[in-house]
Protein chains: 2
Amino acid sequence: MRLSSLADYAVVLMSAAARHCGGMRCNARALAEETGLPLPTAQKLVSKLSAAGLIESVRGAGGGFRLSRPPAAITLADIVEAVDGPITITVCSGDHASDCAIEGSCHVRPHWQIVNRTIRAALAGVTLASLGQHIPDPKRPEHPINLKRTVS
Amino acid sequence: MRLSSLADYAVVLMSAAARHCGGMRCNARALAEETGLPLPTAQKLVSKLSAAGLIESVRGAGGGFRLSRPPAAITLADIVEAVDGPITITVCSGDHASDCAIEGSCHVRPHWQIVNRTIRAALAGVTLASLGQHIPDPKRPEHPINLKRTVS
DNA sequence: TGCTAATCGGAGCGATTCAATCCGATTTCT
DNA sequence: AGAAATCGGATTGAATCGCTCCGATTAGCA
């Protein structure tokens, strides 16, 4: 019950992109330094996000990328699905058919679908624009990323 | 964004336990045949569920186990947490402190906590008793488990 | 117009976690 | 007291994930 580290990093990276390069282009290196992510990881994330259509990249010297949509139109669900693929907590919770080999009527699957839709709605309810609004957290105002390489 | 296969199996196993051994004791072997799960897997699940206090096991010849609470008091969140541990979609989404090495104020963490609570509430809203109520699913009334060994 | 430099894009390797299986400890019935 | 059947933990193997490196592409400049 945990989404991948890449998806976690992607949310932080997109949040930084929405804050710093609003409209103007910025490159992966700048965002890597901004967020503290390793440069190769940031590059990999940019590739996936670009393939998903969330950002538009421009190659060559002086290139970079920019958000393809306004921050209010990009949700956590979009980012997570761009990196991890469709949000399906079980193999049968999605709307598509799954290769289920065991026979007999299933009492559980309809409930999984309901839970799955609820989870996706929770992720779709948070936009990049809302991430900009700072919710105070007195206990721990630190950054969420936990890179082992920085701990050592 | 997918919970482990063991947790998926555990839900099916507990659902079968609530249906078949309501009050009376049943053993892991019977539920394994009932659900189609491999016997070692069912045994492992029984161990974890017993350690979490969801079922009470009786050892020895003629032993078995029974639900320690009525089906209406056992939710999907209980089962998932018994198998996979606490429900935290990111390392910092839980209520406890996380070892975050990167400095700077975090704009994302408060939102993750909200999403995390929403997901947990969705899982806690489905009880074993509600699993008994059959929700019709005309498209695919099959069993959710997809065991590779049964496909071959 | 050719060259240089900087960037994105994809392929490969290592490490960690997870799933499945096996064997031993414990307990009840005969 | 012996034997059988069960739960409980430990081990092995595989798959996925995270990380890093290298090549392809393109704009800028002489």
Side-chain angles (χ1 to χ4, degrees), chain A residues 1-10 12-13 17 21 25-33 36-66 68 80 82-85 90-91 145-152, chain B residues 1-10 13 17 21 25-33 36-66 68 80 82-85 88 90-91 145-152:
Chain A
M1 204 53 205
R2 181 168 296 185
L3 66 102
S4 69
S5 300
L6 269 297
D8 188 2
Y9 301 162
V12 177
L13 190 140
C21 40
R25 290 187 304 209
C26 55
N27 54 20
R29 182 182 301 273
L31 284 180
E33 295 177 355
L37 291 169
L39 179 58
T41 300
Q43 288 178 344
K44 192 178 190 62
L45 290 176
V46 168
S47 298
K48 280 183 174 289
L49 294 170
S50 176
L54 295 181
I55 62 177
E56 294 177 353
S57 61
V58 178
R59 321 226 312 205
F65 61 87
R66 62 180 178 82
S68 58
V80 171
V83 176
D84 282 355
T90 65
V91 290
I145 296 181
N146 178 19
L147 286 176
K148 299 187 180 103
R149 57 197 299 281
T150 62
V151 175
S152 60
Chain B
M1 203 55 205
R2 180 168 298 184
L3 63 99
S4 70
S5 299
L6 269 296
D8 188 0
Y9 302 161
L13 189 140
C21 38
R25 288 187 306 207
C26 55
N27 54 21
R29 183 182 300 274
L31 283 180
E33 295 176 355
L37 290 170
L39 179 57
T41 301
Q43 289 178 343
K44 191 178 189 63
L45 290 176
V46 168
S47 298
K48 282 183 174 289
L49 294 169
S50 176
L54 295 182
I55 63 176
E56 293 177 353
S57 60
V58 178
R59 321 223 313 202
F65 62 86
R66 62 178 177 82
S68 57
V80 171
V83 177
D84 283 355
T88 51
T90 64
V91 289
I145 296 181
N146 177 19
L147 287 176
K148 297 184 182 115
R149 56 197 301 282
T150 61
V151 176
S152 60

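All chains are named by letter (A, B, ...) in the order of the sequence lines, taking the proteins before the strands, and each is independently numbered beginning at 1. Just so it is clear, the values below take in all heavy atoms, side chains as well, and ignore hydrogens, waters and symmetry mates.
In this view, A/D84 and A/S4 satisfy the side-chain hydrogen bond (donor to acceptor under 3.5 Å, both in side chains) rule, not counting sequence neighbours. Scored by the salt bridge (charged side-chain N to carboxylate O under 4.0 Å, His left out) test, A/E33 finds no partners at all (sequence neighbours excluded). By the side-chain contact (heavy atoms from CB on, under 4.5 Å) test, A/S5 is found to be paired with A/Y9, residues two or more places apart in sequence or in another chain being considered.
Residue B/F65 contributes atom CZ, which lies 19 Å from atom P of D/dA5 at whole-angstrom precision. Per the geometry, CG belonging to B/L6 stands 5 Å off P belonging to C/dA19, to the nearest Å. Rounded to an integer number of Å, the gap from CG of A/L39 to P of D/dT20 is 10 Å. Taking atom CG of residue A/N27 and atom P of nucleotide C/dG9, one finds them 13 Å apart after rounding to whole Å.
In this structure, of D/dG18, D/dT6, D/dC19, it is D/dC19 that holds the atom nearest to the side chain of A/Y9.
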Name each donor-acceptor pair under 3.5 Å that joins a side chain in residues 40-58 of chain B to protein atoms two or more places apart or in another chain, with its distance.
residue, atom, partner, partner atom, Å
B/S47, OG, B/Q43, O, 3.1
B/E56, OE1, B/R66, NH2, 3.0

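Of the residues in residues 42-55 of chain A, A/Q43, A/K44, A/S47, A/S50 come within less than 4.0 Å of DNA chain C through at least one heavy atom, sorted by number.
In terms of position along DNA chain C, the nucleotide closest to A/P40 lies nearer the 5' end than the nucleotide closest to the other residue of the pair B/D84 and A/P40.
Under 4.0 angstrom from either OP1 or OP2 of C/dG9 there lies at least one side-chain N or O belonging to A/S57.
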Next item on the list: Mark up nucleotides 24-30 of chain C, 5' to 3', with B wherever a protein heavy atom is under 4.0 angstrom from a base atom, S wherever such an atom reaches only the sugar-phosphate, and - elsewhere.
Entry: -BBBB--
